[in-house]
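Everything on this sheet refers to the single structure shown next.
No experiment lies behind these values; they were computed from the predicted model shown. Just so it is clear, the values below take in all heavy atoms, side chains as well, and ignore hydrogens, waters and symmetry mates.
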Amino acid sequence: MAAALMSKMNIRHEERPQVKAECLRLLATLKLSPAHMQLISGFVDTYLRLDDTEKQVFQTAISTMGLDEQEEIMEDILEQMLSELMRY
């Protein structure tokens, strides 16, 4: 819930990629059910959309995390993308 609320807050432009990375890191560590994780990550994705420059900073932020966290976050992102594709 905190991750979803963080994404809705009025976050400074330069902090947005780091906040999104931290939200997803937090989600990966909580071990929520897939449905809950999809709901919250979808909320974060909707309210914390990144432009191309921010996406590069986001990727850098994820790459500095531990390998286990990075793998979990990337898996979560992939699952979210696949579920959105399946809706269409």
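Looking only at side-chain heavy atoms (C-beta outward), Glu54 and Arg49 stay at 4.5 Å or farther from each other. Residues Gln59 and Gln56 fail the side-chain proximity criterion, which asks for heavy atoms closer than 4.5 Å. At least one side-chain heavy atom of Lys55 sits under 4.5 Å from a side-chain heavy atom of Asp52.
Neither Ile11 nor Val57 shares a network with the other; the hydrophobic side chains, linked directly or stepwise wherever heavy atoms of I, L, V, M, F, W or Y lie under 4.5 Å apart, form separate groups for each.
Residues Lys20 and Leu50 share a closest heavy-atom pair of CD-CD1, 3.7 Å. The two atoms that bring Tyr47 and Arg16 nearest to each other are O-NH1, 4.5 Å, heavy atoms only.
The CD atom of Gln18 sits 9.0 Å away from atom CD of Glu15, with the distance rounded to the nearest 0.5 Å. Between Cys23 atom SG and Asp45 atom CG the span is 11.0 Å, to the nearest 0.5 Å.
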Please lay out, stage by stage, how Phe58 and Thr53 fare under the test side chain to side chain contact (heavy atoms under 4.5 Å, CB included).
CA-CA 9 Å; Phe58 171 75; Thr53 304; over 6 Å; no
